[in-house]
Colleague: 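My questions will all concern the structure given below.
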Amino acid sequence: QGQLVESGGGSVQAGGSLRLSCEASGYTYYSRCMHWFRQAPGKEREGVAVINTDGSTTYADSVKGRFTISKDNAKNTLYLEMNSMKPEDTGMYYCAAAGLGRGYCYLNPSVSPRYWGQGTQVSVSS
């Protein structure tokens, strides 16, 4: 079993920055794919970024060049650095973990990741 706990959400103005953290326990941190998803009110959940155990990353087109996903193995923590934020970045952000061993990590996998955090709210005002 494992647990994911997000933190770092909040309210910022457009152009501002936030850093989300996701502390992982148990087996979750050793998952092949560590994800950040978000869900805006009235919209479907979407993949924002994913990082593989081999260090490779994939980003949604809407956040490329503005967001950075990273991991601190010493702290078992996943991060999402968000810069130049826009009102359309508003939503509930979730970290998730999936997969073992080697393989590709899809930004929006067809099978929902096994482990999820509780979410942290991000609001960006114009």
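The structure displayed is predicted, hence computed values, not measured ones.
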Colleague: Provide the closest heavy-atom pair for I69 versus M34 in the form atom of the first, atom of the second, distance.
Modeller: CD1-O, 3.7 Å

Colleague: Given side chains that start at C-beta, do those of V122 and M85 come closer than 4.5 Å, heavy atoms only?
Modeller: yes

Colleague: Do L20 and E6 come within less than 4.5 Å of each other through their side chains, counting heavy atoms only?
Modeller: no

Colleague: Could you pull out every donor-acceptor pair under 3.5 Å between side chains of residues 92-109 and any protein atom, sequence neighbours left out?
Modeller:
| unit_1 | atom_1 | unit_2 | atom_2 | d |
| --- | --- | --- | --- | --- |
| Y93 | OH | R38 | NH1 | 2.9 |
| Y93 | OH | D89 | O | 2.6 |
| N108 | OD1 | G47 | N | 2.6 |

Colleague: So, E23 side chain and N76 main chain: donor-acceptor pair closer than 3.5 Å or not?
Modeller: no

Colleague: Please say yes or no: joined through hydrophobic side-chain contacts below 4.5 Å, possibly via intermediate residues, are V50 and F67 part of one cluster?
Modeller: no

Colleague: Taking a hydrophobic cluster as the set of Ile, Leu, Val, Met, Phe, Trp and Tyr residues connected by side-chain heavy atoms closer than 4.5 Å, whether directly or through intermediates, do F37 and V48 fall within one such cluster?
Modeller: no

Colleague: Measuring from C33:SG to N52:CG, what's the distance to the nearest 0.5 Å?
Modeller: 5.5 Å

Colleague: Could you list the residues that satisfy salt bridge (Lys or Arg N to Asp or Glu O under 4.0 Å) with D54, not counting sequence neighbours?
Modeller: none

Colleague: Could you give the distance from CG (L80) to OG1 (T68), rounded to the nearest 0.5 Å?
Modeller: 8.0 Å

Colleague: Measure from the side-chain N and O atoms of W36 to the backbone N and O of Y79, and report whether any donor-acceptor pair falls under 3.5 Å.
Modeller: yes

Colleague: Any non-hydrogen side-chain atom of H35 less than 4.5 Å from a side-chain atom of P113?
Modeller: yes

Colleague: As an exercise, state the distance from NZ of K71 to OG1 of T57, rounded to the nearest 0.5 Å.
Modeller: 12.0 Å

Colleague: Do Q39 side-chain atoms and G91 backbone N/O form a donor-acceptor pair below 3.5 Å?
Modeller: no

Colleague: Identify the heavy atoms of P87 and A14 that sit nearest to each other, and give their distance.
Modeller: CD-CB, 4.1 Å

Colleague: Should M82 and V124 be counted in the same cluster of Ile, Leu, Val, Met, Phe, Trp and Tyr side chains packed under 4.5 Å apart?
Modeller: yes

Colleague: Can you list everything that forms a side chain to side chain donor-acceptor pair (under 3.5 Å) with R19? Sequence neighbours excluded, please.
Modeller: none

Colleague: Looking at Q13, I want to see if its CD is surrounded by more than 12 non-hydrogen atoms of other residues, nucleotides or ligands under 6.0 Å.
Modeller: no

Colleague: For S70 and I51, work out which heavy atoms get closest and say how close.
Modeller: CA-CD1, 4.1 Å

Colleague: What's the shortest heavy-atom distance between G9 and T120, and which atoms?
Modeller: N-OG1, 3.1 Å

Colleague: Could you pull out the closest heavy-atom pair between Q3 and T28, with the gap in Å?
Modeller: O-OG1, 3.6 Å

Colleague: Taking all atoms of both residues into account, what is the closest heavy-atom pair of R45 and S112, and its distance?
Modeller: NH2-OG, 3.9 Å

